[in-house]
Protein chains: 2
Amino acid sequence: MSEMAQDETLFTLEDVASRAGVSRMTVSRVLNNRGGASEETQRRIRQAARELNYRPNAMARSLKSRRSSIIGVIVPDISNPFFPEIFRGAESVAQASGYTLILSNVVESADREAEVLEKLLAQQVDGIIWCSARMEDAALKKALAPTKSVVLVNRESDPELASSVTVDYALGARLAVDHLTEIGLRQIGLIAGPDWSFGAVERIRGVQKAMEARGLAPVDMVNCDPTIQGGETAAASMLAKHDSIDGLICYNDLTAIGALQAARNLELDVPKDLALIGFDDIDLAQLVTPTITSLGVERYEIGRAAMKLLLKQIDGQETEQKIVLHPKLMMRGSTLKTVV
Amino acid sequence: MSEMAQDETLFTLEDVASRAGVSRMTVSRVLNNRGGASEETQRRIRQAARELNYRPNAMARSLKSRRSSIIGVIVPDISNPFFPEIFRGAESVAQASGYTLILSNVVESADREAEVLEKLLAQQVDGIIWCSARMEDAALKKALAPTKSVVLVNRESDPELASSVTVDYALGARLAVDHLTEIGLRQIGLIAGPDWSFGAVERIRGVQKAMEARGLAPVDMVNCDPTIQGGETAAASMLAKHDSIDGLICYNDLTAIGALQAARNLELDVPKDLALIGFDDIDLAQLVTPTITSLGVERYEIGRAAMKLLLKQIDGQETEQKIVLHPKLMMRGSTLKTVV
DNA sequence: CTGAAAGCGCTAACAC
DNA sequence: GTGTTAGCGCTTTCAG
C-alpha cells in the first residue's frame with residue numbers, strides 16, 4: 001500500500017468540492033485566485049486539492065471559456081536549423097503568458113500546410129505563427145480567411161488577414177554586394193536557392209539592384225535546392241561555365257557550404273580564388289574551414305517578435321501590421337579581405 | 001458582399017443540423033462516417049456542413065470522449081540537432097494516426113521538466129514522449145507516477161512506469177574499440193562527456209569492458225561539456241599529459257571536433273598521429289576536415305519507434321518494455337587505416 | 001461569502 | 001433511420 005502512484009483516477013472539481021465540504025463554484029473561484037471565500041474555506045479547499053492531486057482539466061475550461069490557450073506553430077521543416085530557434089523564441093514568450101504550443105512540421109509541402117491549418121483550427125488554437133514557405137499567395141490568402149489571429153513569418157499576405165514578421169533580405173543582399181565589391185571583386189555569381197521561396201526572390205532583386213547601382217550585373221544565376229547538395233551542384237555547374245567568377249552570393253549558408261565543396265573539387269582556394277557569402281548565419285557557418293561570411297538574422301528574436309505580436313492581437317490590442325528585422329553582416333574567412 | 005471571409009462565426013453541430021433539417025445526433029453520425037442515415041439525408045448533411053464551413057470542435061469532442069488525440073513531446077533543447085529528427089520521426093507516425101503533437105522545450109533544466117509535465121497532464125494529453133536528460137532518477141520516477149502512457153527516449157526508469165527507446169551505447173563503444181585496435185592502435189584515451197549523462201556512463205563502461213577483453217585499458221579519461229569547446233579543452237589537457245596516446249574515443253562528434261582542433265594546435269596529424277572517433281554521426285561530422293569517424297544512430301527511427309510504442313500502449317496493447325537501437329560505425333577520415 | 005442553474009459542443013445509450 | 005436524454009468538467013450569471 002504505497003503512498004505513491006495509487007491515484008490512477010482523475011479528480012474533478014466536484015471531488016475537491018465535496019472533500020472540502022463546499023460547492024464546485026467556490027473551489028473554482030479559490031483555485032483561480034478570484035477570492036470569494038473566507039480564509040478558512042480557502043485553506044480547506046487548497047488542502048483538499050493538494051491531497052487529491054487535483055489537476056484542472058484544460059479542455060473543459062477551454063470549452064467553457066472559448067479560449068484554448070494553445071497556439072499553433074507551423075514550420076516547413078524543424079530539421080532545418082533555421083526553425084528551432086524561432087520556435088524557442090516563440091516558446092519563451094508564450095510560456096511566460098501561459099500558452100502551450102503545438103508544433104506542426106509541414107515537410108515542405110503546400111498540401112500539408114493546408115491540412116495542418118485545418119487541424120489547428122479544429123483544435124481551437126487561439127492563434128497561429130505560420131512560417132509558410134510553399135503555399136502560393138492566392139492559396140495562402142484563401143487559407144487565411146477563416147482564421148482569427150495569424151502572424152506570418154518570413155512572408156507577407158493581405159495585412160487585413162495576417163500581420164507578419166519578415167527579414168529585410170533586400171538589405172542583406174545589398175550588404176553582401178557592398179562587401180564583395182569593397183574587397184575588390186567584380187565577377188559575382190548568384191546561387192539563388194529555390195524559385196518558390198519568397199526570400200529567394202527578394203535576395204535576387206536586392207542583389208540585382210545593388211549591383212546595378214554600381215554599374216555591375218551578376219555574371220550568372222542559378223536556382224537550387226536550399227541544401228548543401230543543392231549548393232554544390234549549382235556552384236559546380238556555374239564555376240565550370242564561368243571561370244572568371246571571383247565571388248558567389250549564396251541563398252543560405254548550407255548552399256554556401258555546398259559551393260565551398262564545389263570549389264575544393266575544382267581546386268579553387270576560398271577565399272583567395274573565390275569568395276563565398278551565405279545567409280542565415282547558422283552555427284555551421286563557423287564550424288567549416290574556412291568559416292563562412294554570412295548575413296545573420298537573430299532567429300530567436302524573430303520567434304519572440306512574432307509571438308509578442310500574436311499575443312497582442314489575441315488580446316484585441318491594436319498592433320502594427322508588420323515587423324521587419326535587419327540582417328547583419330558577419331564577416332568571416334570565406335571573404336577575407338585580400339591584400340591589395 | 002464577398003463570398004469569402006464573411007464567416008467570422010464558428011458553426012456548431014446544431015447549426016448544421018438545423019440547416020439540414022435533422023438532429024445533431026444524425027449529423028454527428030454522418031460526419032463521423034458511422035452511417036445511420038439514408039443516402040439522401042447524408043447528402044443534405046454533408047452539403048450543409050460544407051456550406052457553413054463547419055469544423056468540429058476538437059475540445060468538445062475530447063471532453064466527451066476522454067481522449068484528446070494530443071501527445072506531448074518533451075525535449076531538452078530543440079536547437080540541438082539531435083532532437084528535431086526525433087520529433088520528425090515521431091510526428092510522421094502520429095500524424096498517420098490522427099494525433100497532434102505539443103512540443104515542449106525544456107532548456108536543459110530539471111525544474112522545467114517537471115513544470116512542463118504538469119502542463120501536459122492538465123492539457124489531457126493521451127501520452128508523452130519524454131527525452132529526459134537532466135532529471136534525477138528518483139525525481140523522474142516520482143514524476144512518472146501520475147502518468148498514463150509515457151515512452152522515455154535515451155533513458156530508462158522503472159519499466160512499470162514507462163517504457164523506453166534507447167541506444168546501445170555500450171555496443172557503440174565496443175565497435176569503437178574494435179575499430180581502433182584493428183587499425184593497430186593501443187594507447188587509447190577517453191574524452192568522456194558530462195558525468196550527468198546517462199549515455200556517457202554507458203559509453204565509459206562499454207569502452208572499459210571492450211578494452212579489458214583485449215587485455216588493454218584506457219590510458220586516461222576525462223569528463224567534459226558535450227560541446228566543441230569542451231572537447232578541445234579536455235583533449236588538450238589529456239594530450240599534454242600523455243604523448244603516447246594514438247587514439248581518442250570521444251563522447252560525441254562535437255567533442256571529437258574539439259579534439260581535432262586540440263590536435264591541430266599541438267601539430268599532431270589526424271589520423272596519422274592521432275585517430276579520433278565520435279558518436280551520433282551528426283551532419284557536421286562529414287563537413288570538417290578530416291571527416292570524423294562516428295557511431296551513428298538513426299534519430300528519425302528513434303522518433304518513429306518511440307511513437308509507435310506509445311500509440312500501442314495508448315491503445316491498450318501489450319507491448320515490449322524497451323526497444324534498443326544499435327549504432328553503426330561510420331568509417332571516415334579521422335581513423336583511416338594506416339598502411340601496416 | 002457561497003451556491004444553484006444553465007450551458008460550452010459533442011456523443012453514448014437508448015428510445016421511437 | 002432518426003431523435004431524445006443525459007452528461008463530460010468547467011465557469012458565467014444571478015440569487016441567496
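Since the structure is predicted, the reported quantities are computational estimates derived from the model, not experimental observations. Naming convention: chains lettered A, B, ... in sequence-line order (proteins, then strands); numbering from 1 in each chain.
Between the side chain of Lys312(B) and the backbone N or O of Glu320(B), no donor-acceptor pair lies under 3.5 Å. For the pair Gln42(B) (side chain) and Val30(B) (backbone), a donor-acceptor distance under 3.5 Å is absent.
Taking atom CZ of residue Arg43(B) and atom P of nucleotide dG1(D), one finds them 17 Å apart after rounding to whole Å. A straight line from CD of Gln123(B) to C1' of dG9(D) spans 14 Å, rounded to a whole angstrom. The interatomic distance linking Ile45(A) (CD1) with dC1(C) (C1') rounds to 11 Å, in whole Å.
Distances shown here put a side-chain N or O of Ser38(A) below 4.0 Å from the OP1 or OP2 atom of dT2(C). At the phosphate of dG3(D), OP1 or OP2 sits under 4.0 Å from a side-chain N or O atom of Thr26(B).
Contacts classified as salt bridge (charged side-chain N to carboxylate O under 4.0 Å, His left out) and involving residues 56-72 of chain B (residues at least two apart or in different chains) are not found.
Thr41(B) comes within 4.0 angstrom of sugar-phosphate atoms only, judged by non-hydrogen atoms across all strands, and of no base.
Applying the 6.0 Å contact sphere to CD of Gln317(A) captures more than 12 heavy atoms from other residues, nucleotides or ligands.
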Each nucleotide of nucleotides 7-16 of chain C classed B (base within 4.0 Å of a protein heavy atom), S (only sugar-phosphate) or -, in 5' to 3' order, makes BBBBBBB---

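A salt bridge links Arg155(B) to Asp137(B): one of the charged nitrogens lies within less than 4.0 Å of a carboxylate oxygen.
Looking at Leu325(B) and Thr166(B), their side chains never come closer than 4.5 Å, going by heavy atoms from C-beta outward.
Closest non-hydrogen pair, Ser68(A) versus Gln123(A), comes out as CB-O, 4.5 Å.
An angle of 40°, rounded to 10°, separates the two end axes of the helix from dC1(C)-dG16(D) to dC16(C)-dG1(D), each defined over five pairs.
For the atom pair Lys148(A) NZ and Ile314(A) CD1, the distance stands at 10.5 Å (nearest 0.5 Å).
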